[in-house]
Amino acid sequence: IFELNHTVYFQSFTSVYAYNYNTVTAIRCPSNMLFFFRAGENLIAQSLSEGLYLFDGSGFRFIEGSEIFGGLKVHAIIEFSFNEYWICTANNGIFLYDRHTFTPLKNEISEYLKGETCNAGLAVNDTLIAFGTILKGVVFSDKAGRIITSYDYSNGLRNNTVLSLFKDADERVWIGLDEGANYIN
């Protein structure tokens with residue numbers, strides 16, 4: 001569920017529902033969609049079989065070169081600038097998207113996430129990135145991809161399964177867990 005330009009978009013596998021606070025309009029997806037991610041003033045949707053689509057609020061446009069993601073699970077898209085996105089997959093690491101090509105990142109956090117299922121990700125600020133995993137809690141890296149620290153059940157999280165991450169206005173990270181929520185200042 002995302003809000004863009006005074007419209008709330010609800011994504012299902014086959015349709016997007018646009019609610020403008022008066023009416024609800026159904027917009028058919030070009031194929032079965034797994035997840036929706038915010039990308040500036042647009043959204044990016046992952047097709048289960050085709051790759052990534054840019055959604056502008058009224059329709060979908062296939063992102064050339066994204067076919068690789070038709071067979072992978074994308075769990076987060078982190079936007080750093082108009083031309084720099086990290087596409088985080090469940091078990092295939094992170095890809096850099098520069099609006100032209102998709103390049104696998106070869107850094108510590110990308111390699112780490114190949115073995116520890118990435119389930120969520122967000123940029124806390126210009127230099128700090130958080131990644132939620134299925135069994136290893138949350139791990140923080142810098143923009144160069146070096147791991148800085150991690151939190152799991154052994155050092156403060158309620159459990160190790162991170163379902164979602166949220167950054168509040170004060171750059172505090174809220175972690176949605178399988179069993180409740182945690183907060184990291």
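- Looking only at side-chain heavy atoms (C-beta outward), Ile184 and Phe140 come within less than 4.5 Å of each other.
- Residues Ser31 and Ser47 have side chains that bring a donor and an acceptor to within less than 3.5 angstrom of each other.
- Annotation: Lys167, atom NZ; neighbour count of heavy atoms from other residues, nucleotides and ligands within 6.0 Å is above 12.
- When each of Leu105, Asn92, Thr133 is tested with Leu113 by the rule side chain to side chain contact (heavy atoms under 4.5 Å, CB included), just one qualifies, namely Thr133.
- When side chains are defined from C-beta on, Asn32 counts as touching Thr14, because their heavy atoms get closer than 4.5 Å.
- In this structure, Cys88 and Ile78 approach most closely via the heavy-atom pair SG-CD1, 4.0 Å.
- One finds the OH atom of Tyr153 at 13.0 Å from the OG1 atom of Thr161 (value rounded to the nearest 0.5 Å).
- The closest side-chain heavy-atom distance from Leu96 to Glu84 is below 4.5 Å.
- A donor-acceptor contact shorter than 3.5 Å is absent between the side chain of Ser110 and the backbone of Gly93.
- Each salt bridge (Lys or Arg N to Asp or Glu O under 4.0 Å) pair with one or both residues in residues 111-131, not counting sequence neighbours, appears once here: Glu111-Lys114.
- Ring-plane geometry between Tyr97 and Tyr85 is classed as tilted, the angle between the planes lying from 30 to 60 degrees on a 0 to 90 degree scale.
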**Report entry** side chain to side chain contact (heavy atoms under 4.5 Å, CB included) between Phe95 and Phe69, worked out
**Finding:** CA-CA 10 Å; Phe95 292 77; Phe69 301 108; 3.7 Å; yes
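- The neighbour count for Phe13 CZ, taken as heavy atoms of other residues, nucleotides or ligands under 6.0 Å away, does not exceed 12.
- A donor-acceptor pair shorter than 3.5 Å can be found between the side chains of Asp56 and Ser58.
- Counting only heavy atoms from C-beta outward, the side chains of Glu67 and Phe62 approach each other to under 4.5 Å.
- Here the side chains of Thr117 and Leu135 are not in contact, with every heavy-atom distance at 4.5 Å or above.
- If you check the side chains of Asn83 and Ser81, you find no donor sitting under 3.5 Å from an acceptor.
- Between Phe35 and His75, the ring planes are tilted. Angles from 30° to 60° get that label.
- The main-chain N or O of Val74 is found under 3.5 Å from a side-chain atom of Gln46 such that the two form a donor-acceptor pair.
- With Phe82 as the aromatic partner, Arg99 meets the cation-pi criteria of under 6.0 angstrom to the ring centre and within 45 degrees of the ring axis.
- In terms of hydrophobic clustering, with Ile, Leu, Val, Met, Phe, Trp and Tyr side chains grouped at heavy-atom distances under 4.5 Å, Leu163 and Phe166 are assigned to different clusters.
- Ring geometry, Trp174 versus Tyr183: the interplanar angle falls from 30° to 60°, so the pair is classed tilted.
- No side-chain donor-acceptor contact under 3.5 Å links Arg38 to the backbone of Ile77.
- Between the side chain of Asn119 and the backbone N or O of Ile134, no donor-acceptor pair lies under 3.5 Å.
- In this structure a side-chain-to-backbone donor-acceptor pair under 3.5 Å is present from Asn182 to Arg158.
- We find the OH-CD1 distance between Tyr17 and Ile27 to be 10.5 Å, quoted to the nearest 0.5 Å.
- Note on ring orientation: taking the six-membered ring where Trp is involved, the planes of Tyr9 and Phe55 are perpendicular (angle over 60°, cut-offs 30° and 60°).
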